[in-house]
Amino acid sequence: MEQLTLAKFKKLPAEVQQQVLDYIEFLLAKYQSGTSEKREAPKTEKGEKPSPEKGMPDRLRIALKYKGDAPYPDVPISKYDWYEQ
């Protein structure tokens, strides 16, 4: 596989080879920065789950009260159902 890829790479014009190398460097930098930025989950004592409402905007806290009340996307909704909400 590597030999086939290398053979195809050598057949490319010099400027395209440079673009390929630049793209590979970009992907390596992106991958390395992505893995280094991963954060660990906050540790809690004795298996407690972190509170989802802590630090949550008020809009989301209010919306959680109505979670599951809206019909599913495949349910037909009339204009009257829409205005009720």
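Residue numbers count from 1 along this sequence.
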CD of E2 to OG1 of T5: how many Å apart, nearest 0.5 Å?
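E2 atom CD to T5 atom OG1 measures 7.5 Å (nearest 0.5 Å).
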Connected via hydrophobic side-chain network under 4.5 Å: [X] and [Y]:
{"X": "L27", "Y": "Y31", "answer": "no"}
{"X": "L12", "Y": "I24", "answer": "yes"}
{"X": "L28", "Y": "L21", "answer": "yes"}

My understanding is that only residues two or more places apart in sequence, or in another chain, count here; which of them pass salt bridge (Lys or Arg N to Asp or Glu O under 4.0 Å) with D58?
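Partners of D58 under the salt bridge (Lys or Arg N to Asp or Glu O under 4.0 Å) test: R61.
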For Q18, all residues meeting side chain to side chain donor-acceptor pair (under 3.5 Å), sequence neighbours excluded:
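For Q18, the residues satisfying side chain to side chain donor-acceptor pair (under 3.5 Å) (neighbours in sequence not counted) are D22.
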Residues clustering with M1 (ILVMFWY side chains joined when closer than 4.5 Å, directly or via others)
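Members alongside M1: none; it stands by itself.
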